[in-house]
Amino acid sequence: MEDVSSAESIQHNMSARNVVLRGRDNMGDVMVQLRVLPESIDVDLKKLKQAISEKIEKLCKINEVKEEEIGFGLSALLFTVIIPDEEGKIDSVETAISSVKDVSQVDTRDVTLI
């Protein structure tokens, strides 16, 4: 059952992203919350936060970074970033984060037009 809800969540996030970005001609920025899961509980989140920040600093403005406890000793990083309202920009930030060593998964949690 969890796979279905996870798939629905991903579909919802993609739909929300498409609604925000569809039919707009660079009219502003979007605030995006991204959840970054490390590969294991042994990953130093402070070093991971720094590596991710350095990787995406030219693509977006980092508004806030928080830690979110998942369970069993695993925590995620929640990046709230501001990205230009242009097609493909969110994907480029996600791809950049995914390329950082020790990143297991990147999920878009929320997209808001600002």
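Computation of the quantities below employed the complete heavy-atom set of this structure, encompassing side-chain atoms and omitting hydrogens, waters and symmetry-equivalent molecules.
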Task: Sidechain-backbone polar pair: Thr95 side chain, Ser92 backbone, donor-acceptor under 3.5 Å - done: no
Task: Heavy-atom closest pair, residues Leu48 and Lys101 - done: CD1-O, 3.5 Å
TODO: Spell out, yes or no, whether Leu37 and Val106 are grouped together once hydrophobic residues are joined by side-chain heavy atoms under 4.5 Å, including indirect joins.
DONE: no
- [ ] Could you pull out the closest heavy-atom pair between Ile41 and Phe72, with the gap in Å?
- [x] CG2-O, 3.8 Å
- [ ] For Ser104 and Pro38, work out which heavy atoms get closest and say how close.
- [x] CB-O, 3.4 Å
TODO: State the CD1-CD distance between Ile56 and Glu94, to the nearest 0.5 angstrom.
DONE: 11.0 Å
Open item on the list: Tell me if a side-chain donor or acceptor on Thr108 pairs with a main-chain N or O of Asp110 at a distance below 3.5 Å.
Closed with: no
- [ ] Check the pair Glu67 / Lys46 against salt bridge (Lys or Arg N to Asp or Glu O under 4.0 Å), numbers first and verdict last.
- [x] CA-CA 10 Å; Glu67 288 186 26; Lys46 289 180 183 177; over 6 Å; no
Task: Side-chain touch Asp107/Leu34, heavy atoms, less than 4.5 angstrom - done: no
TODO: Scan Ile83, Thr112, Thr80 and name whichever one has a side-chain contact (heavy atoms from CB on, under 4.5 Å) with Val32.
DONE: Ile83
Task: Arg109/Glu68 ion pair, N-O < 4.0 Å - done: yes
Task: Closest approach of Lys66 to Glu64 (non-hydrogen atoms, all atoms of both residues) - done: CD-OE2, 3.7 Å
Task: Single-linkage hydrophobic cluster Leu113~Val81, side-chain heavy atoms < 4.5 angstrom - done: yes
Open item on the list: With heavy-atom distances below 4.5 Å as the criterion, would you say the side chains of Gln105 and Val103 are in contact?
Closed with: no
Open item on the list: Could you measure the distance from the CG atom of Asp29 to the CD atom of Glu86? Nearest 0.5 Å is fine.
Closed with: 9.0 Å
Open item on the list: Nearest 0.5 Å, please: how far is NZ in Lys49 from CZ in Phe79?
Closed with: 7.0 Å
TODO: Tell me, yes or no, whether the heavy-atom count around Glu69 atom CD, taken from other residues, nucleotides or ligands under 6.0 Å, exceeds 12.
DONE: no
TODO: Find the distance between SG (Cys60) and CD1 (Ile90) and round it off to the nearest 0.5 Å.
DONE: 10.5 Å
Task: Chi angles and distances behind the side chain to side chain contact (heavy atoms under 4.5 Å, CB included) call for Ser75, Leu45 - done: CA-CA 8 Å; Ser75 293; Leu45 290 182; 3.6 Å; yes
Open item on the list: Applying a strict under-4.5 Å side-chain criterion to I, L, V, M, F, W and Y, I'd like to know whether Leu78 and Val30 cluster together.
Closed with: no
- [ ] Find the distance between CG (Asn63) and CD (Gln33) and round it off to the nearest 0.5 Å.
- [x] 10.5 Å
TODO: Considering non-hydrogen atoms only, spot the tightest contact between Ile97 and Val36 and give its length.
DONE: CG2-CG2, 3.8 Å
